[in-house]
Amino acid sequence: TGKLSSKENLQTAMINENIGKVYSDKHDYDAALIYLLRALKIFKHIEPEQPRDIARCLGTIGYVHEKKEDFRTSIDYYHQQLNLNKNRKK
């Protein structure tokens, strides 16, 4: 298999993020995290200078950890999202 283009990587990340959201909606939080973390890794690789998708994904991961009652991890992801959004507005 060859390397994916940036557009294909972006689509792959978005698909993984959406699958993670579906699992979250079904309350299967462990499966949700697998897909969301995969999406986050791709977003960070292809969009380091455009953090909008990264920030959104961080917030969703924070939400899933909150639903799992893993509040410390949840707060960590929310802080990462907040910092990215704050830096983006400068």
Side-chain angles (χ1 to χ4, degrees):
T1 58
K3 281 188 150 189
L4 296 177
S5 69
S6 291
K7 182 178 178 182
E8 290 169 322
N9 272 324
L10 179 59
Q11 289 172 333
T12 300
M14 293 173 115
I15 289 167
N16 277 282
E17 183 181 24
N18 288 334
I19 292 170
K21 288 177 182 178
V22 169
Y23 275 115
S24 176
D25 290 345
K26 294 177 69 131
H27 308 281
D28 187 344
Y29 301 121
D30 292 329
L33 286 173
I34 290 168
Y35 287 95
L36 291 168
L37 291 169
R38 188 178 299 157
L40 180 63
K41 182 178 179 179
I42 297 169
F43 283 137
K44 284 182 172 182
H45 178 72
I46 63 173
E47 297 188 314
E49 302 302 320
Q50 298 176 356
R52 182 183 71 232
D53 292 325
I54 296 169
R56 183 186 63 244
C57 198
L58 287 168
T60 305
I61 293 169
Y63 171 80
V64 170
H65 280 289
E66 182 179 343
K67 293 309 243 175
K68 289 181 65 163
E69 298 185 1
D70 181 358
F71 300 116
R72 288 181 186 199
T73 304
S74 177
I75 288 170
D76 180 55
Y77 278 99
Y78 286 143
H79 277 287
Q80 289 180 60
Q81 179 190 31
L82 182 64
N83 288 334
L84 264 181
N85 284 331
K86 185 169 52 174
N87 291 334
R88 197 176 78 199
K89 301 213 189 292
K90 288 182 179 180

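Residues meeting the side-chain contact (heavy atoms from CB on, under 4.5 Å) test with Ala32, sequence neighbours left out: Tyr23, Ser24, Leu36, Val64. The side chain to side chain donor-acceptor pair (under 3.5 Å) test applied to Glu66 returns Tyr78, not counting sequence neighbours. Under the side-chain contact (heavy atoms from CB on, under 4.5 Å) criterion, Leu10 pairs with Met14, Phe43, Ile46, Glu47, Asp53, not counting sequence neighbours.
For residues 73-84, there are no salt bridge (Lys or Arg N to Asp or Glu O under 4.0 Å) pairs, not counting sequence neighbours. Residue pairs that meet the side chain to side chain donor-acceptor pair (under 3.5 Å) test with at least one member in residues 32-42, sequence neighbours left out, are Asn16-Arg38. The stretch residues 26-36 participates, sequence neighbours left out, in these salt bridge (Lys or Arg N to Asp or Glu O under 4.0 Å) pairs: Asp30-Lys68. Counting only residues at least two apart or in different chains, ring pair (Phe, Tyr, Trp, His ring centres under 6.0 Å) contacts with residues 50-72 comprise His65-Tyr77.
Here CG of Leu37 is found 4.5 Å from CD1 of Ile61. Values are rounded to the nearest 0.5 Å. Rounding to the nearest 0.5 angstrom, the gap separating the CD1 atom in Ile15 from the CD atom in Glu17 is 11.5 Å. Interatomic distance, Lys44 NZ to Ile42 CD1, rounded to the nearest 0.5 Å: 13.0 Å.
In plain terms, the two heavy atoms of Ala39 and Ala13 that are nearest each other are CB-O, 3.3 Å. In plain terms, the two heavy atoms of Leu84 and Ala55 that are nearest each other are CD1-N, 3.9 Å.
For Ser74 (side chain) and Asp70 (main-chain N/O), no donor-acceptor pair under 3.5 Å exists by modelled atom type.
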